[in-house]
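Some notes on the structure that comes next.
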Amino acid sequence: MKKKLLSLLLALSLVVSLAACGSSDSTSGSSESESSDAASDTSEAASSAETEAEAEASTVEESSDSVEFAGTITLGMIGPMTGSLAVYGTHVANGVNLAIEQINAAGGVTVGGESYELAVESKDDQGDSTECLNAMNALISDGIELVIGSATSGCTSSITSVANSEGVVLITPSGTADALTTEMDYVFRTCFKDSFQGELAAQYAADEGYTKVGIVYCSADTYSAGLRDAFTAAAEELGLEIVAEESVATMTEVDYTNQFTKMVEAGAELVFVPFYYDVTGPYLVPQARSVGFDGILLGADGVDNTETTIPDGADLSVYNDFLFVNHYSTELATSDISVSFVESYEEAYGETPNNFDALGYDAVLVLTQAIESCGAFDADSVQAALADTSVVYEVSTGTFSFDDTGTPIKTGVLMGYSYTEGDDSVTKIAITTLSLD
């Protein structure tokens, strides 16, 4: 059937071709009083984000003024709201809360001819797998059947088996490890997977004419090791010579001088560095340059936000030629829905959104579309809708369909950092769209 998704105040009709999907006469979700109780569990960071989103919503003409909601659909959200990876969680929360505010302002989610309000119950996993599992179990105990999270592959991997065994839909905005989603289960994502971005990184190196490449990665981390594996396999197929490979034991390593000394000795022209922003800014990049590596440093999506961790007084010129594969760029995303998302986000939060904002926002839009298409919001019906690979989703990061594992088929972008002498900061720049076509 064809169904028109609500415009979400973006002045855009999302018309998709949908095959018949499972539905249910029964609905699940919390009452408004339960939603209020759930809100008390929301972390300070997520609450702040929601308050800002509410302020943004008040500036638009709300079509929901005359709408009497039949009930509340409460989504769960898990992410690192505190700790070293809090930038990830708080930005995902920004996107989630903005989408919810816009949907409610536009009249809510239509199910069976009635309008339902969206709400969110948020849990802080602190970037820790055990805390993430505890958060997931708490949401399930509260009757939540649709969960967004977590932000990292390591944490998300700790809750996928629970989602599948309990029949709870889990959609991670930014968990990229390949193994997170498998065929026809309850786990989906709005980002691409590691093998894809590893292939994109190797393809970029080959297209630019680099022949001698190196790898520095964390052997004990799901995200980093998975990206290393994908890059290595693609490099071999593309004829790239891996002249050196070095690993560290933790993703919080603070000394990379020995690893990059070996990169220099091996004559690497480009080094693939699948780490997170909290080490690339203060440690990895400046130390690589300090031992004489002046080639390309190429990361993946986890190094986005490196600019927020550059130490005061650092030599900013060392961040030139530090590039990374990413999901989304405000400069390269030009569709109506993308432009509207950027404008509304900037009005709500006073800054430009990053890929975590956009992917969190998209997770809500995807769930909303699935709910409306099936006319139900129990997990089984929503899972059946999401598992339909013929459905097309138009969201802030582009247009995609899910493959048979619940991973979007989409393109990526190449971004990087640039510094011009005399500036007081580095600039994050969008370079080009990336694909394997």
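Rounded to the nearest 0.5 angstrom, Thr405 OG1 and Met184 CE are separated by 11.5 Å. The structure places CD of Gln197 at 4.5 Å from CZ of Phe192, a figure rounded to the nearest 0.5 Å.
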Thr252/Thr250 under side-chain hydrogen bond (donor to acceptor under 3.5 Å, both in side chains): CA gap, chis, key distance, verdict: CA-CA 5 Å; Thr252 56; Thr250 71; 3.3 Å; yes
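Salt bridge Arg228/Glu245: present, at least one basic N to carboxylate O contact under 4.0 Å.
The main-chain N or O of Thr190 is never found under 3.5 Å from a side-chain atom of Asp362 such that the two would form a donor-acceptor pair. Between the side chain of Asp142 and the main chain of Ile144, no donor-acceptor pair closer than 3.5 Å is present. A donor-acceptor pair under 3.5 Å links the side-chain atoms of Gln287 to the main chain of Tyr256, judged by distance alone.
Evaluated for a side-chain hydrogen bond (donor to acceptor under 3.5 Å, both in side chains) with Asn354, the options Asn305, Thr308, Asp304, Asn94 yield exactly one hit, Asn305. Paired with Tyr417 under the rule ring pair (Phe, Tyr, Trp, His ring centres under 6.0 Å), one option of Tyr277, Phe324, Tyr319 passes, and it is Phe324.
In plain terms, the two heavy atoms of Ser435 and Thr411 that are nearest each other are CB-CG2, 4.1 Å.
By the ring pair (Phe, Tyr, Trp, His ring centres under 6.0 Å) test, Tyr217 is found to be paired with no residue, residues two or more places apart in sequence or in another chain being considered.
Between Phe272 and Phe231, the ring planes lie parallel to each other; the angle is under 30°, not in the 30° to 60° tilted range.
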